[in-house]
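Chain letters run A, B, ... following the sequence lines, proteins first, then strands; residues in each count from 1.
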Amino acid sequence: MNKIVDKEYFSDNVVKLVIEAPAIAKSRKAGHFIILRVGSKGERIPLTIVGSDTEKGTITIIVQKMGVSSIKLVNLEVGDYITDVVGPLGNATHVEKVGTILASGGGVGVAPLLPIVDAFKKAGNKVITVLAARTKELVILEKQIREFSDEVIIMTDDGSYGKKGLVTNGMEEIIKREKIDLAVTVGPAIMMKFVSLLTKKYKIHTLASLNTIMVDGTGMCGACRVTVGGKTKFVCVDGPEFDAHQVDFDEMLNRLGAYKEQEEQAYNHYIDKYRKA
Amino acid sequence: MDRILEYLRKEREKEWRVELRGKMKTKERTSLERLDMPESDPNVRNKSYIEVNKGLSVEQAMHEARRCIDCPKPTCIEGCPVGINIPKFIKKIEAGEFLESAKVLKETNALPAVCGRVCPQEVQCEQACFYTQKLGKPPVAIGNLERFAADYERNSGQISIPEISSRNGIKVASIGSGPSGLAFAGDMIKMGYDVTVFEALHEIGGVLKYGIPEFRLPNDIVDVEIEILRKMGVKFVTNFIVGKTTTIDDLKKEGYTAFFVGSGAGLPNFMNIPGENFIGILSSNEYLTRVNLMRAADPEYDTPVISGKKVAVIGGGNTAMDSVRTAKRLGAEKAMIIYRRSIEEMPARNEEIKHAQEEGIEFLNLNSPLEYFADENGRVNKMKLQKMKLGEPDNSGRRRPIPIKGSEYFIDVDTVIVSVGVSPNPLIPRSMKELDVSNWGTIKVNKDSLQSSVSGVFAGGDIVRGGATVILAMGDGRMAAAGMNKYIKEKVRNIISLVKEFNTIGDILDFATK
């Protein structure tokens, strides 16, 4: 049982939660994630650790309302407990000084990007970050990202904030302007796919942090498997970061929809119950 | 060994045992027929999660117990990885002292109700039974009797808590709460140690919870046995991954002196054939975890599961049987086993194969998958199979399957469960670089003490064996407990002899500053 000590709404659907988890706070590094479960009938869901405070013994996560489990999590208030929290899972980001980093994050993917950007900045790199969202309200963590970036470019699909266009438009502008040593991308699989295609064109080594379906998160179930360089890899124990140019994003996109039907049913079941109550 | 034989002999010569033996002639005993385990109706049970084996009644158990002739040399015990005093617990049943019988089981076995259900007795104690060895008759149903005594005690509400030695305050840890970790914890707590069991998942029990289905081993029964360990003083910590949440070195700083690694065989193997990552193709680990641990088939629970109509399970082991029978219970119209050898070579227990056949599982033996195909949504809808024939025996002694050229054909499937073995979980080896591991990733141990290459770190179960049974893992847990006890005692003795050499406090201080 882990207590929620702080909660902040970034938008109607995106919430930041600060959770008591002293051991995880102490051992986590950029790139790590946790698995949590809300209620004794809840499912196990993976979420990236966005930050931690070792003195207070807390970790921070950012959640977007997507289905039943994320709604249950977002509905928890300060003082409530999360039934189970386990981590840190996955491998930490391999951070070193390489020169100039081009980071890109889309939607709620900006949350897992934050600790990575932070780590690369602290390692002495120049960091340029491109944030993308459908519209202005969905741009999150801009202030924090700015703190760790030398330059931030914001792209919105509708042009309501920053520049109008896709994340790749913003990135290409930078790539044409200066030499990039490493690209890092986190976001929806479809976004990462196009980021990867772009950086491949310009021969820029790129890391993608993948967020796939998981059950245990410790290598046991294989639900998270992806094809990287023609080989099957497990995101939980081999990742979550991989060489983006080697990842089969089409397969990953397909696999993310494995339980779409069941998730919709569960959602409707939940809403029905909620209405009756 | 001699001490054990001497102990067994003395136990056998106790008055009550002698008297009981005298009540019936050996010939009378051996003329009794072995009773079959009562089972639920196959067409009822394949639609529900009720237990398949119903357990023996009091009368049946007493009948079966009378068959045991209480041999002077009980070979059955040698066939038991945890060394249960088999004749004694059986004779307690014959005497009608069922609660006493359960106590005997718990002397050496932390999980009797579990073992009475899932142990492959036919290749262990019952294989070594006098009836099998010398009479060529069906052995005493030791497994069924074990289950009877454990169940009787649990249902009686008078569950005994085994005695434990006075506490020595020495902290030891088990990494993993599966069968090996629980057996280890049970022995160490009895010896007086301060035992903590760390578990990565949110529930204690490991494979007993996530792997073995309710119809073979109800989770509630596992919980009762865990509760006994808790009452004996074992501490359990869930959601804690040693090597991730904290390292073994950090735990040492917290005062833990020795560790048992029973982290299990984590990674599911796949065949690496085309199309294996289409939706609807999953490992048996994933499928069973969703249904058993996460209760995905219950709409009240949030975890989803695919309830396929045409389900193919690849493999011939117990896990494959568990998966295919689960698929049937989730509503599969066609639930098929696809295995590259014949039914005789299947590693699954005969009982599981028989139960599966009764429940309407189709067996496609001598068939091997070549490729999967999917619909426009990337969901598997077809698979290509190749027929096989048996050749010469291979290293495992089983006849090698040989593909028959030109025999390829297709079948329609909507779910495929791949159950072709597991590889050791890499988390602990990765977090301890100094640990010696084999090429397969299993931890290398001394075969007598089960100590690894790292002093004070012991290991057993699937992380050492690479994939075995509950009872072999439990045997390892017990062996590691004995090994660890010896290791710690030796350390303590060394310290004491060292201290004895000092004459004054000054000597000690001199030594300490060196």
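Remark: side-chain polar atoms of B:Arg295 are not paired, donor with acceptor, to backbone N or O of A:Lys41 under 3.5 angstrom. The closest donor-acceptor contact from the side chain of A:Ser27 to the backbone of B:Thr246 lies at 3.5 Å or more, if one exists at all.
Neither the backbone nor the side chain of B:Tyr287 comes within contact range of chain A; no heavy atom of the residue lies under 4.5 Å from a heavy atom of that chain. Of the two parts of B:Leu282, the backbone and the side chain both hold a non-hydrogen atom closer than 4.5 Å to a non-hydrogen atom of chain A. Of the atoms belonging to A:Arg255, heavy atoms from both backbone and side chain fall under 4.5 Å from chain B. Looking at B:Asp298, there are no atoms closer than 4.5 Å to chain A (heavy atoms on both sides), in backbone or side chain. Within the 4.5 angstrom heavy-atom criterion, only side-chain atoms of A:Ile213, from C-beta onward, approach chain B.
Counting heavy atoms of neighbouring residues, nucleotides and ligands inside a 6.0 Å radius, atom OH of A:Tyr267 does not exceed 12 of them. Within a 6.0 Å sphere centred on NZ of B:Lys309, other residues, nucleotides and ligands contribute more than 12 heavy atoms. Counting non-hydrogen atoms of neighbouring residues, nucleotides and ligands closer than 6.0 angstrom, the NZ atom of A:Lys29 reaches no more than 12 such neighbours. Other residues, nucleotides and ligands contribute at most 12 non-hydrogen atoms within 6.0 Å of the NZ atom of B:Lys382.
Taking the side chain as every heavy atom from C-beta outward, B:Pro304 and A:Glu261 never approach each other to under 4.5 Å.
The greatest number of non-hydrogen atom pairs below 4.5 Å with chain B, out of A:Ile24, A:Thr232, A:Asp248, is found for A:Thr232. The most heavy-atom pairs under 4.5 Å with chain A, out of B:Leu267, B:Asn277, B:Thr289, come from B:Asn277. Chain A forms more heavy-atom pairs under 4.5 Å with one residue of B:Leu293, B:Asn285, B:Val418, B:Ile241 than with any other, namely B:Asn285. Most heavy-atom pairs under 4.5 Å with chain A: of the set B:Ile306, B:Asn425, B:Val422, this distinction falls to B:Ile306.
The two atoms that bring A:Gln262 and B:Val305 nearest to each other are NE2-O, 3.2 Å, heavy atoms only. Taking every heavy atom of both residues into account, A:Val237 and B:Arg430 meet most closely at O-NH1, 2.6 Å. Taking each heavy atom of A:Phe234 and B:Pro268 in turn, the nearest pair found is CE2-CD, 3.6 Å. Across every non-hydrogen atom of B:Phe240 and A:Val86, the tightest pair is N-CG2, 4.1 Å.
Here the OG1-CD distance, from B:Thr303 to A:Glu43, works out to 5.0 Å after rounding to the nearest 0.5 Å. Note that NE2 of B:His202 and OG1 of A:Thr83 are 9.5 Å apart. Values are rounded to the nearest 0.5 Å. The distance from the CZ atom of B:Arg379 to the NZ atom of A:Lys260 is 10.0 Å, given to the nearest 0.5 Å. Residue B:Thr245 holds its OG1 atom at 11.0 Å from CD1 of A:Ile34, rounded to the nearest 0.5 Å. Note: B:Asn239 CG to A:Asn2 CG = 7.5 Å, rounded to the nearest 0.5 Å.
Residues of residues 44-74 of chain A that come closer than 4.5 Å to chain B, counting heavy atoms only, are A:Arg44, A:Val68, A:Ser69, A:Lys72, ordered by residue number. Annotation: residues 214-225 of chain A contacts chain B through A:Val215, A:Asp216, A:Thr218, A:Gly219, A:Met220, A:Cys221, A:Gly222, A:Ala223, A:Arg225 [non-hydrogen atoms, separation under 4.5 Å].
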